Amino acid sequence: MSRYTQYPGTTVLLEPRYCGSIGWYCAMAVHEHCIVDYGARFDKRRKLTHRTTIADVNGRLDLTVPVSHIPRTADDGHRPLTWHDISLSAHGDWWNVHRVALESAYGRTPYFEFYIDRFLPVYRPDVVERMVTLENVNRHIDREVRLLLDLSAEDSVTPAGDLIDLRRQEPSLSHCTPYYQVRASKLGFIPDLSILDLLFNMGPESCMWLRDNIKTYIPTWIQ
């Protein structure tokens, strides 16, 4: 169990996320085990799997990774598309757009320069050829975030204990203590952002903030 576990003997099943929200990581942290389900059927309406929200100079900003799907083969038959099958698109040089947006939004935060190198492999011009799939991008970012938050870097292989299915929900904190944000004096505190917002602003103190505020996360299955 991690330092955050509040529901031992449970496995939470989550939808994949690109630079997941603070609430998404809260849902991961409070349960003893976690599985991010890339085997779920692809649904183009589920935009959060390849979209995240940060805070730039004007407030909330959505960043979206354009995607397509891996060409089907005869062996695939009528198998439905899953998130495993979703590949990256090169449309709009999105990796450059996202990198510049992150630099603009967080370049003056206390911990940007210490953490950004962990995520830069996603924001290089060869990312489409090198990482190929959305899953690889999401897993790379997720692995780095988990290491910074002192969470297990790997998913459980199979469910253990009670299975909590949150795949059709977007977990969030009911309320939380505002943490330091570099533009709070201008914009006020902006909640429900990507976990990158917390990390770049708070650095190692993110773990302490998460531990103290995770108590406000009440899973819908016990509400």
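Sequential numbering from 1 along the given sequence is applied to the chain's residues. Just so it is clear, the structure is predicted and the values come from calculations on it, not from any experiment.
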Task: Identified side chain to side chain contact (heavy atoms under 4.5 Å, CB included) partner of Leu61 from the options Ile54, Leu102, Thr53 - done: Ile54

TODO: List in chain and number order the residues that pass side-chain hydrogen bond (donor to acceptor under 3.5 Å, both in side chains) with Arg130, two or more places apart in sequence or in another chain; answer none if no residue qualifies.
DONE: Asp126

Open item on the list: Please give me the minimum heavy-atom distance between Asn201 and Tyr111, naming the atom from each residue.
Closed with: O-CD1, 3.8 Å

Open item on the list: For residues 90-109, which residue pairs pass the salt bridge (charged side-chain N to carboxylate O under 4.0 Å, His left out) check, not counting sequence neighbours?
Closed with: Arg99-Glu103

Task: Pairs involving residues 43-64, ordered by first then second residue, that meet ring pair (Phe, Tyr, Trp, His ring centres under 6.0 Å) (sequence neighbours left out) - done: none

Open item on the list: Using a 4.5 Å cut-off between side-chain heavy atoms of Ile, Leu, Val, Met, Phe, Trp and Tyr, which other residues end up in the same hydrophobic cluster as Leu163?
Closed with: Leu13, Ile35

Task: Stepwise side-chain contact (heavy atoms from CB on, under 4.5 Å) check, Trp94 with Thr64 - done: CA-CA 8 Å; Trp94 63 267; Thr64 303; over 6 Å; no

TODO: Taking Thr11 for its side chain and Ala160 for its backbone only, find out whether a donor-acceptor pair lies under 3.5 Å.
DONE: yes

Open item on the list: Looking at every non-hydrogen atom in both residues, tell me the closest pair between Trp83 and Asp37 and how far apart they are.
Closed with: CD1-O, 4.4 Å

TODO: Scan residues 147-160 for pairs that pass salt bridge (charged side-chain N to carboxylate O under 4.0 Å, His left out), counting only residues two or more places apart or in two chains.
DONE: Arg3-Asp150, Arg139-Asp155, Arg146-Asp155

TODO: State whether the side chain of Asn213 and the backbone N or O of Cys176 hold a donor-acceptor pair below 3.5 Å, judged by distance alone.
DONE: no

Task: Non-hydrogen atoms of Leu63 and Ala101 that approach each other most closely - done: CD2-CB, 3.8 Å

Open item on the list: Does any part of the side chain of Pro125, heavy atoms only, come nearer than 4.5 Å to the side chain of Trp95, both counted from C-beta?
Closed with: yes

Task: Thr133 (side chain) donor-acceptor with Asn136 (main chain) under 3.5 angstrom - done: yes

- [ ] Answer yes or no: is there a donor N or O on one side and an acceptor on the other, between the side chain of Trp209 and the main chain of Thr177, under 3.5 Å?
- [x] yes

Open item on the list: Which heavy atom of Pro16 sits nearest to which heavy atom of Asn138, and what is that distance?
Closed with: CB-ND2, 4.3 Å

Open item on the list: Tell me whether Leu120 shares a hydrophobic cluster with Phe114, the cluster being built from Ile, Leu, Val, Met, Phe, Trp, Tyr side chains joined at under 4.5 Å.
Closed with: yes

Open item on the list: Could you report the tightest heavy-atom contact between Val127 and Leu88, atom names first, then the distance?
Closed with: O-CD1, 3.8 Å

- [ ] Give a yes or no on whether Val137 and Phe119 share a hydrophobic cluster (residues Ile, Leu, Val, Met, Phe, Trp, Tyr; joining criterion: side-chain heavy atoms under 4.5 Å apart).
- [x] yes

TODO: Please work out which of the three classes, parallel, tilted or perpendicular, describes the rings of Tyr18 and Tyr123, given edges at 30° and 60°.
DONE: perpendicular

Open item on the list: Checking Pro110 now: which residues fulfil side chain to side chain contact (heavy atoms under 4.5 Å, CB included) with it, not counting sequence neighbours?
Closed with: Tyr180

Open item on the list: Using the side chain to side chain donor-acceptor pair (under 3.5 Å) definition, which of the options His33, Glu32, His31 pairs with Thr10?
Closed with: His31

Would you tabulate the side-chain donor-acceptor contacts of residues 182-196 under 3.5 Å, counting partners in other chains and residues two or more places apart, or write 'none'?
from, atom 1, to, atom 2, distance (Å)
Arg183, NH1, Ala105, O, 2.7
Arg183, NH2, Ser104, O, 2.9
Lys186, NZ, Val57, O, 3.1
Ser194, OG, Cys19, O, 3.1
Ser194, OG, Leu196, N, 3.1

Open item on the list: Return the NE2 to CG distance between His84 and Leu134, rounded to the nearest 0.5 Å.
Closed with: 12.0 Å

Open item on the list: Between Asp85 and Tyr38, do the side chains contain a donor N or O and an acceptor N or O under 3.5 Å apart?
Closed with: no

- [ ] With sequence neighbours excluded, give me every salt bridge (charged side-chain N to carboxylate O under 4.0 Å, His left out) pair touching residues 197-207.
- [x] none

TODO: Please state whether the rings of Tyr115 and Phe200 are parallel, tilted or perpendicular, taking 30° and 60° as the class boundaries.
DONE: tilted

Task: Where at least one partner belongs to residues 7-20, residue pairs that pass salt bridge (charged side-chain N to carboxylate O under 4.0 Å, His left out), sequence neighbours excluded - done: Glu15-Arg17, Glu15-Arg46, Glu15-Arg168, Arg17-Glu170

- [ ] Give the minimum heavy-atom separation between Cys26 and Leu210, together with the two atoms involved.
- [x] SG-CD1, 3.6 Å

Open item on the list: So, applying side chain to side chain donor-acceptor pair (under 3.5 Å) with Asp43, which one of Arg41, Arg45, Lys47 is it?
Closed with: Arg45

Task: Residue of the set Leu151, Leu199, Leu198 for which side chain to side chain contact (heavy atoms under 4.5 Å, CB included) holds with Val145 - done: Leu199

- [ ] Not counting sequence neighbours, which residues clear side chain to side chain contact (heavy atoms under 4.5 Å, CB included) with His140? List them please.
- [x] Pro121, Val122, Met131, Arg143, Glu144

Task: Partner residues of Tyr4 under the side-chain hydrogen bond (donor to acceptor under 3.5 Å, both in side chains) criterion, sequence neighbours left out - done: none

Task: Set of residues satisfying side-chain hydrogen bond (donor to acceptor under 3.5 Å, both in side chains) with respect to Ser89, sequence neighbours excluded - done: none

